[in-house]
Each structure stands twice: as structure tokens, then as C-alpha cells.
Amino acid sequence: MKRPTLKEVFELEPDGRSLVVKGWVRTKREAKAAVFLEINDGSRLANLQCVFEVPQAGSALAAALAKAGTGASVAIEGSLVASPASGQKVEVKAVGLEVIGEAPSESYPLQKKAHSLEFLREIAHLRPRTNTFGAVARVRNRMAYAIHQFFQERGFQYVHTPLITASDAEGAGAMFQVTTLDLERLAKSGQGVDYGKDFFGKPAFLTVSGQLNVETYCQALGRVYTFGPTFRAENSNTTRHLSEFWMIEPEVAFNELPDNMDLAEEFIKYLLKTALADCAEDLEFFDQRIQKGLVESLGSVLDKPFAHMTYTDAIAELAKSPEKFEFEPRWGSDLQSEHEKYLTEKVVGGPLIVTDYPKEFKSFYMKMNDDGKTVRAMDVLVPRFGEIIGGSEREERLDNLLRRIEELGLDTSTYSWYLDLRRFGTTPHSGFGLGFERLLLYVTGMANIRDVIPFPRAPKLADF
RNA sequence: UCCCCUGUAGCUCAGCUGGCAGAGCAAGUGGCUGUUAACCACUGGGUCCCUGGUUCGAACCCGGGCGGGGGAGCCA
């Protein structure tokens, strides 16, 4: 493509070359000697300043400049020169302006001023035009790419697990049902539901995790990962939950829990390092406007190894702390958010991996320890945020897995194919899940998960 | 699902004990200036979320509803 993005323009020599740039007007300032138009095309955070000599009244240029208000899309013709004023290295000495699409100031919702994130959430179709959401989108893109890079560089195969599943017992949480049955007619008829007539011939749902499916490819390809959308119908209304979110789930054959912990640590560090190196401008913006100290906080994670602690030790650590917790830490109760934050922020002052939780509040597929009470689970906790990764070594012994399924009153027949993985050539194997949007919250310092996904879905929220 | 806070101009908010609807920013106009979160002056701009009630009188008090935010649980 001939026309450079603004990001590319900023890297050119200001040698007076002529060019055409296109983008959206962010701000216009009119002075006696010149009119300054700053445009942005989303390729990076910085705006490009285009300087027009004050045109003759009544000229075509004067008319175009009058229409080029905040939000208008424009094409600008001129030459790239070094800027005589401080604030930018280069600028466009503009001679031509075409207003492609106006954005009338009386009706265009975005103004030349700061807007609250709450307000911008209500105009999700326009918010990517702001500095904050542009930066979030660029970081999101870079992290998605980095995830593939990390795994591909290490010999992992990308596996596409299904979004629709006929098993309603994947372990975690409420599911969205998928049906082609006419619900209104069914309701009026007063009849029961005959799932034999439904599309799949039985109840079907949107997946809550690709893990069980990806384990099958793990037991063939060795190192695999998924990266796709996941759905949870939980009625949870917090800054950390979405009904539709993206999840990364690596799974590695022959890996035991310590290998899994190492992989998670290496993964997180790789992503943070990439963000700091390749999204420096955007992260600096977040540091200044969203979360003071962000860049330093992310950088500090790279320096030292993640701390490790068993659940039992974590409880002991909490019990001896002078901190007053709302929920008293007690062996047998799950760690609360306040506990997790205390451990990672106050006790270790950095990322912390807690392992070996009581089986009662972990999934059926996690490997039982010899004590018969705890399982080979791990949660990665980070400062400012809490749990960012949950994973485990899986139970690879058929007898143990069957026993757990029965203990929990689950239906063995539903898991026949999953159990086959233990019947034929079973291996120790481990994996974890990383919520992509949670990673983005951590990396950007944004506070609400609804602001790091383009179109958030949550209870009573499916606009746009 | 539970707890708390909140709904007033385009945006962010103030509005006392119930007594004529306010500010800053944005916008428009003029001025000034190689400006850059530009600056100065003036101007326009309101279903005080909806609904029912109390009252001579409600943005304000009470009931109901709807929306937004934060926290908890659940979890990634």
C-alpha cells in the first residue's frame, strides 16, 4: 500500500517529501499565522500535527477547514517537515484538505475533552476513537499475537476446540443453552421439551472451557494450546467477569505440576516483556492517565522468580498475619480475594503461585495428592489483581479419576471419551487457563474488564 | 444473587432546613497567539431518569419502577 499509516509517517525523515495522510481529526487550533489540525488513524497513540497557512476567506480550503472539526475523517496533502516548535519532531506542512466525512459538533458525542469510562461504555461503537480505547485495542492485539508467538516458538500446536458442546458437565459454572426449538410455541403448548427434536438431538450448550477437548490432542501432539472465546452464564456482576471472554489454555503431555508452574511463569514474563518493549507508548499513557507506576510494576515482575507456596502454607501465613480479614482464613475454606491480594502484595511483594488446594473446591479432573485431601492445583496470583491463572496437573490414573467422578455424583458415561485417554497410553499431563481480558487488565492497569474487550457481554448487557 | 453508592445542561458535577436551575469543561461567536489539555471575553443550551404520593410549594421528603457505578460470592 502506498499511503503510509501515521505510525509509519512518524518514522520517515522530515525531508520535505510530499505525501497524503488520512485519518480522523482529534483537535483543531486556529492561530493568526496557521491552523493546526491534529489527526490520528489508530496506528499509534500520537497524533500527527498538520499545519495550514491561514486560507483566504471564502476559499475552498477555508470551507474545508471549517468542516474539519473533532471526529471528522480527512485526507491531507502536504509535505513532511521537521517541526519548528516543541511537542513533535515532524509535522505536515499541509496544502490540501478534503473532509471525507463530517462529525457535526452538536451531535458527535466525543468532545475535545476527557470523558469518563462509564460514559464511553455507553458508546462502545465510538470509544475506540479515544486515546484510552485505542491504546487498549493495540495492546490487546499485540498480546494476542504474542500468545501465539510464545507457544509456536516452543513447539506448541494450536488446536481449535469446539464452541458448542453437548456435555453440560465440563465442570465450571452455568452454561448458555443452544437450541433451535421454538421456545415461544413450546411455552404456549404446555408440553415438555423433546430434545430429540432439537438441532443436535440432545441438549447443547456453549463451551465453558476447551480443556477437556484439548486434552485429547495433548495426548497425541504433546504440546498444545487453545485460544478462543468461552462462555459463562453466571449471574456475576463484577469488574473481573464477562459472560463471553477469551481464554488461553495450554496443555502439555508428560508435564507435572512443577513444569506447569514454570511454563506459567515463563509465559507471563514473556507477555509482559513483549508489552513493555512493543507497546511502550501505550503503556506510558496508561501509566500517566490510568494507573500510576504501571510500567515499573510490570517491569519488576521480570526481575525475580515467582514465589511458590502450598495452600496449607498460605493459610498458615494468613493466620499469623496481623491483618483483619473480613473472612477468617481457615484450612478447608477457599482463599478469598482479600486473602489473595494480601499474600501477593504484602507477603511476597510479587507474583505468587499457590498449589495443592483441598479437593473440595477444585475440579474433578485434578490429580489427587498422596494425602488424599489435596490436589495438584495451582493458582497464579499477581499484585493489584489476584488470580490471573488457574491450572493443575490432571489425574491420569483411571481408577482415581473414576472415583472422583462418582464421588461428585457426575455421570461417568458423559466422560467416556475423556476416560479413554486414561485407558490408552495415559501420561501425566498438566495445563492451565489464562483469561485473556484479565491479562489485559493487569497489563494496561484498566480497572473494569468491560473496558478491555471491544464489545462486552455481561448479565443484561449485550448491546452493540 | 446479596450489600453499598448514584441518576440535575453534550460531558463531569454542585445545589443548605422544601421557596425563581448553577459551575467547570465542551459547543457557537469575537479577540489573541507556531499553537499543542492553548489562552481571554461573550452567547446559546434543562422532561432535574420515570411514576405515584406528602405539601400552599418538590431537583430536594416518602413508595414503586428503570438505568449507572463499586464491593462480595462464583470464577479465568
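Every chain is numbered from 1, with letters handed out A, B, ... down the list of sequences.
In terms of modelled atom types and a separation under 3.5 Å, the side chain of A/Ser297 and the main chain of A/Gly293 share no donor-acceptor contact. With A/Arg127 contributing its side chain and A/Pro454 its backbone, the two residues share a donor-acceptor pair below 3.5 Å. Judged purely by atom type and a 3.5 angstrom limit, A/Ser73 uses its side chain to pair as donor or acceptor with the backbone of A/Gly101. Distance alone, capped at 3.5 Å, places no donor-acceptor pair between the A/Glu77 side chain and the A/Val95 backbone.
Looking at the side chain of A/Ser116, the nearest of the listed nucleotides B/U35, B/A72, B/U12 is B/U12. The A/Ala85 side chain lies nearest to B/G34 when the options are B/U12, B/G34, B/C75. Of the candidate nucleotides B/A27, B/C11, B/U35, B/A27 has the atom lying nearest to any side-chain atom of A/Ser105.
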Tabulated below should be each protein N or O lying under 3.5 Å from an N or O of nucleotides 64-71 of chain B; please produce it.
residue: B/G69; atom: OP1; partner: A/Arg121; partner atom: NH1; Å: 3.0
residue: B/G70; atom: OP1; partner: A/Asn448; partner atom: ND2; Å: 3.0
residue: B/G70; atom: OP2; partner: A/Asn448; partner atom: ND2; Å: 3.3
residue: B/G71; atom: OP2; partner: A/Thr239; partner atom: OG1; Å: 3.2

What pairs of nitrogen or oxygen atoms, one from the protein and one from nucleotides 48-51 of chain B, lie under 3.5 Å apart?
none

Check the interface with nucleotides 38-43 of chain B: list each N/O to N/O pair with the protein under 3.5 Å, or write none.
residue: B/A38; atom: OP2; partner: A/Arg29; partner atom: NH1; Å: 3.4

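Among the protein residues, A/Ile248 comes within range of no part of the nucleic acid, since none of its heavy atoms lies under 4.0 Å from any strand. At a threshold of 4.0 angstrom between heavy atoms, the contacts of A/Leu439 with the nucleic acid are absent. Using a 4.0 Å heavy-atom distance criterion, A/Glu437 is classed as making no nucleic acid contact. Among the protein residues, A/Glu91 comes within range of the nucleic acid bases, having at least one heavy atom under 4.0 Å from a base atom. Across all strands shown, A/Thr70 has no heavy atoms under 4.0 Å from either base or sugar-phosphate atoms. Residue contacts for A/Phe36: at a heavy-atom cut-off of 4.0 Å it reaches a base atom on one of the strands shown.
With a cut-off of 3.5 Å on both Watson-Crick or G-U wobble distances, the partner of B/G67 is given as B/U6. Nucleotide B/G46: unpaired (no Watson-Crick or G-U wobble partner with both distances less than 3.5 Å). Nucleotide B/G24 forms a Watson-Crick or G-U wobble pair with B/C11, both donor-acceptor distances falling under 3.5 Å. Pairing partner, B/C56: B/G19, with both Watson-Crick or wobble hydrogen-bond distances short of 3.5 Å. Base pairing analysis places B/A41 opposite B/U29; the two distances defining the Watson-Crick or G-U wobble pair are each below 3.5 Å. When both pairing distances are held under 3.5 Å, B/A72 makes a Watson-Crick or G-U pair with B/U1.
In this structure, the NZ atom of A/Lys362 is 11 Å from the P atom of B/C74, given to the nearest Å. Counting to the nearest Å, the P atom of B/G45 and the CD atom of A/Gln111 are 18 Å from each other. At whole-Å resolution of the value, CG in A/Asn40 and C1' in B/A37 are 16 Å apart. Computed from coordinates, the A/Lys28 NZ to B/G28 P distance equals 7 Å when rounded to whole Å. The nearest whole Å value for the distance from the NZ atom in A/Lys32 to the C1' atom in B/G31 is 10 Å. Atom pair A/Leu381:CG and B/C75:P shows a separation of 14 Å (rounding to whole Å applied). Between the CZ atom of A/Arg240 and the C1' atom of B/A72 there is a distance of 10 Å, rounded to whole Å. A straight line from CD of A/Glu106 to P of B/C11 spans 15 Å, rounded to a whole angstrom.
The aromatic ring centroids of A/Phe205 and A/Phe176 lie 6.0 Å or more from each other. Centroid-to-centroid, the aromatic rings of A/His160 and A/Tyr158 come within less than 6.0 Å. With ring centers used as reference points, A/Phe150 lies 6.0 Å or more from A/Phe156.
Residue A/Phe327 is the one, among A/Phe327 and A/Arg438, whose nearest nucleotide of RNA chain B lies closer to the 5' end (criterion: closest heavy atom). RNA chain B is contacted by both A/Asn235 and A/Ala114; A/Asn235 maps to the nucleotide lying nearer its 5′ end (nearest heavy atom per residue).
Between A/Phe267 and A/Phe432, the ring-plane angle classifies as tilted under the 30° and 60° cut-offs.
Note on A/Arg44 versus A/Glu281: salt bridge recorded, some NZ/NE/NH1/NH2 to OD/OE distance being below 4.0 Å. One finds a salt bridge joining A/Asp379 and A/Lys362 here, because a Lys/Arg side-chain nitrogen approaches an Asp/Glu carboxylate oxygen to under 4.0 Å.
Screening residues 433-464 of chain A for ring-ring contact (aromatic ring centres under 6.0 Å, His included) gives A/His125-A/Phe464, A/Phe227-A/Phe436 as the qualifying pairs, with residues at least two apart or on separate chains. Within the structure, ring-ring contact (aromatic ring centres under 6.0 Å, His included) contacts touching residues 327-358 of chain A (residues at least two apart or in different chains) are A/Tyr311-A/Trp331, A/Tyr311-A/Tyr357, A/Phe325-A/His339, A/Phe325-A/Tyr342. For residues 60-118 of chain A, every residue pair satisfying the ring-ring contact (aromatic ring centres under 6.0 Å, His included) rule, not counting sequence neighbours, is listed here: A/His115-A/Phe119.
Stacking between A/Phe436 and B/A76 is absent: the ring centroid is not both under 5.5 Å from the six-membered base ring centre and under 30° in plane angle.
For A/His241 and B/C75, a side-chain-to-base donor-acceptor distance below 3.5 Å is present, hydrogens and geometry of angles not being considered. Evaluation of atom-type donor-acceptor distances gives a pair under 3.5 Å for the side chain of A/Lys113 against the base of B/C11.
Of the residues in residues 43-53 of chain A, A/Gln49, A/Val51 come within less than 4.0 Å of RNA chain B through at least one heavy atom, sorted by number. Contacts of residues 329-338 of chain A with RNA chain B (heavy atom under 4.0 Å): A/Gln336, A/Ser337.
For A/Lys341, there are no salt bridge (charged side-chain N to carboxylate O under 4.0 Å, His left out) partners at least two apart in sequence or on another chain. Remark: A/Lys359 pairs with no residue by the side chain to side chain donor-acceptor pair (under 3.5 Å) rule, at least two apart or across chains. Under the side-chain contact (heavy atoms from CB on, under 4.5 Å) criterion, A/Thr27 pairs with A/Arg29, A/Glu38, A/Lys112, sequence neighbours left out. With sequence neighbours left out, A/Arg121 forms a salt bridge (charged side-chain N to carboxylate O under 4.0 Å, His left out) with A/Asp451.
Comparing the P positions of B/C16 and B/A59 gives an interatomic distance of 12 Å, to the nearest angstrom. For the P atom pair drawn from B/G46 and B/C11, the interatomic distance equals 13 Å after rounding to whole Å.
A/Pro229 and A/Leu163 make their closest contact through O-CD2, 3.6 Å (heavy atoms, listed as atom of the first residue, atom of the second, distance).
For the side chain to side chain contact (heavy atoms under 4.5 Å, CB included) with A/Ile449, the lone residue among A/Leu440, A/Thr238, A/Leu242, A/Thr239 that qualifies is A/Leu242.
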